[in-house]
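A short worksheet on the structure shown next.
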Number of protein chains: 2
Amino acid sequence: MTLLENTSTPPDPVTEDRSMAIRETLRNAIIDRRLAPGTKLSEAEVGALFDVSRTVARAALQMLTFEGLVKTERNRGAFVSHPTPEEARQIFASRRLIEPGIVAAASERITPDDIARFREQLIEEERHINERGPAARRAEIKASGDFHLMLASVAGNAILQRFMDELVARSSLVIALYGRSGVSSCGHSEHFAILDLIERGDAKRAADLMLHHIDHIEADLDLQPKQGVALKDVLATG
Amino acid sequence: MTLLENTSTPPDPVTEDRSMAIRETLRNAIIDRRLAPGTKLSEAEVGALFDVSRTVARAALQMLTFEGLVKTERNRGAFVSHPTPEEARQIFASRRLIEPGIVAAASERITPDDIARFREQLIEEERHINERGPAARRAEIKASGDFHLMLASVAGNAILQRFMDELVARSSLVIALYGRSGVSSCGHSEHFAILDLIERGDAKRAADLMLHHIDHIEADLDLQPKQGVALKDVLATG
DNA sequence: GACTTTCAGATTGCATACAATTTGGACAGC
DNA sequence: GCTGTCCAAATTGTATGCAATCTGAAAGTC
């Protein structure tokens with residue numbers, strides 16, 4: 001299992017914070033489903049994988065816990081989060097509140113340069129959609145989320161950006177668990193349409209479309225509260 | 001300095017997570033200004049105060065860092081956050097996005113029982129306003145924030161509730177740093193008005209008033225970007 | 001045979017020891 | 001007297017060791 005992606009920079013930046021780097025790597029692995037919900041992340045294992053002590057691994061896991069990507073149970077350990085349907089609804093409810101505002105802010109601040117980068121990103125996204133295989137699916141999910149994160153970045157509010165980081169990451173988990181069609185490909189065309197409206201300066205319509213877009217993503221989910229006595233949830237995924 | 005408030009429960013609940021308890025205590029101390037922005041929180045000192053090792057103290061500080069209440073600089077330590085005017089604006093911009101939605105959600109879910117608890121809380125708030133002294137001021141700020149947090153709690157979205165926890169806490173810091181009149185007492189009457197509108201089922205008006213309320217709080221701040229070459233910011237507070 | 005009990009292995013919680021880094025001041029040089 | 005260098009105290013970063021807790025299975029009992 002190649003969890004460690006190209007660490008790329010072992011020499012220069014002196015690894016300015018190892019637990020942060022581990023967090024990022026694990027985060028990406030969770031977001032694009034290389035680590036399935038429910039997977040146990042033991043401190044020793046993580047430490048061994050990244051060649052650090054349990055102390056550092058533990059710090060990384062604690063950060064992920066705060067982001068809601070990992071759930072730790074006292075004296076039992078850390079596991080990749082397995083959001084319930086209710087949590088899923090709350091995640092999307094939160095996004096419905098925040099993202100229209102982000103679109104509005106982004107509309108006011110976006111530069112032609114930004115727009116060029118967005119178009120590039122969307123073309124990249126399209127490329128993944130047309131490819132086959134699980135790797136392409138992962139890249140597609142990641143790219144789809146990145147569009148929303150780029151908007152948050154342009155909006156220029158660091159706090160909202162962090163909230164969105166968390167919400168988008170957790171949305172990936174939810175889609176992995178409850179998505180019907182993997183990723184609704186209609187989502188991609190909506191990204192294009194939103195960008196167009198923003199470029200045209202029609203912030204109101206762009207925000208409205210974003211709202212619909214989120215609705216569409218959520219509509220693609222199957223959020224039936226698992227019947228039965230909910231015997232540990234995880235049992236279903238094994 | 002009595003940082004440690006009545007720890008009340010040393011025997012039974014087996015201190016189900018000490019770093020969490022420390023976080024809560026420090027958090028409260030920061031929120032009601034017993035710990036001023038810029039104050040250094042060394043691991044050893046915190047550990048000694050709570051009679052735990054640096055490991056546990058460090059975990060608590062890391063949590064506070066994630067919440068934005070503490071800022072840690074590598075190899076230098078942790079300090080109570082000292083938000084810039086720009087951060088302050090972002091905090092309130094975020095609240096303007098989220099809180100109207102919370103009011104709307106709370107309007108739909110609030111029970112007569114909740115309303116009774118709100119009234120109690122508002123009366124408590126009023127009591128602090130009419131008292132004199134720094135302790136009363138602290139209690140007033142805390143109570144004022146608690147109103148917003150109670151709304152978030154009633155709204156029934158755990159994620160938004162956590163976001164609000166962070167935003168309200170950081171708002172306290174901002175008000176401590178940039179507030180002109182301490183706490184605008186008009187804010188209190190607005191709390192009453194918001195609750196009335198919610199009780200009457202007028203969610204739209206309640207949300208609008210909440211928006212105004214946030215505007216009023218922010219209007220009471222002096223967010224001039226400190227002139228000069230911003231020589232370390234902190235220098236001003238010494 | 002099914003159920004309870006006990007215990008060993010494994011894992012986390014926490015404390016401590018050591019290494020790396022920063023900081024403030026003493027001291028030397030100009 | 002002022003500036004620059006170097007060093008020691010203090011503080012953080014990390015690794016590791018030990019105690020506490022949980023898990024799963026073997027052994028014992030009904």
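We name chains A, B, ... by the order of the sequence lines, and we start the count at 1 in each one.
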Candidates C:dC14, D:dC22, D:dT14 - which lies nearest the side chain of A:N75 = D:dC22

task = Kindly assign one of parallel, tilted or perpendicular to the pair A:F66 and B:F66, based on the angle between their ring planes and the thresholds 30° and 60°.
result = tilted

Test: B:E218 and B:R95 ion pair at under 4.0 Å = no

task = Respond yes when some side-chain nitrogen or oxygen of A:K40 is under 4.0 Å from OP1 or OP2 of D:dT23, and no when none is.
result = no

ask   = So which nucleotide from D:dT12, D:dA15, C:dT12 ends up closest to the side chain of A:E43?
value = C:dT12

ask   = Rounded to the Å, how far apart are B:E73 CD and D:dT11 P?
value = 16 Å

Whole-Å gap separating C1' (C:dA20) and CG (A:D17) = 14 Å

task = May I ask you to test the A:S53-A:V56 pair for a side-chain heavy-atom distance under 4.5 Å?
result = yes

message = Using whole Å, what does the distance between atom P of nucleotide D:dG13 and atom CD1 of A:I22 come to?
response = 15 Å

ask   = Is it the case that more than 12 heavy atoms not belonging to A:E108 sit under 6.0 Å from its CD atom?
value = no

query = A:L61 has an atom CG; how far is it from atom P of C:dC14, in whole Å?
reply = 15 Å

ask   = Quick one: on DNA chain D, does B:L41 or A:R54 contact a more 5' nucleotide (nearest heavy atom)?
value = B:L41

key: Atom-to-atom span, CZ of A:R74 to P of C:dT11 - whole angstrom   = 18 Å

ask   = Is B:R76 side chain donor-acceptor paired with the D:dG13 base, going by distance under 3.5 Å alone?
value = no

request  = Examine C:dA20: is either OP1 or OP2 under 4.0 Å from a nitrogen or oxygen in the side chain of A:R18? Give yes or no.
outcome  = no

key: Nearest-nucleotide comparison on DNA chain D, the residue closer to the 5′ end among A:S53 and B:G77   = B:G77

query = From D:dT12, C:dG13, D:dA15, pick the nucleotide closest to the side chain of B:S42?
reply = D:dT12

What nitrogen or oxygen pairs link the protein and nucleotides 6-10 of chain C at under 3.5 Å?
none

ask   = Expressed in angstrom and rounded to an integer, what is the separation of B:Q62 atom CD from D:dT14 atom C1'?
value = 14 Å

query = Looking across every strand, which nucleic acid part, if any, lies under 4.0 Å from A:T55 by heavy atom: base, sugar-phosphate, or nothing?
reply = base

inquiry  = Tell me whether B:E131 is salt-bridged to B:R127, with the criterion being a basic N under 4.0 Å from an acidic carboxylate O.
reply    = yes

query = Within the pair A:R58 and D:dT16, is there a side-chain N or O less than 4.0 Å away from OP1 or OP2?
reply = no

inquiry  = Working note: A:N28 + A:T25, criterion side-chain hydrogen bond (donor to acceptor under 3.5 Å, both in side chains); need CA distance, chi angles, decisive distance, verdict.
reply    = CA-CA 5 Å; A:N28 284 332; A:T25 303; over 6 Å; no

ask   = Short question: side chain of B:R96, backbone of B:I91 - any donor-acceptor pair under 3.5 Å?
value = no

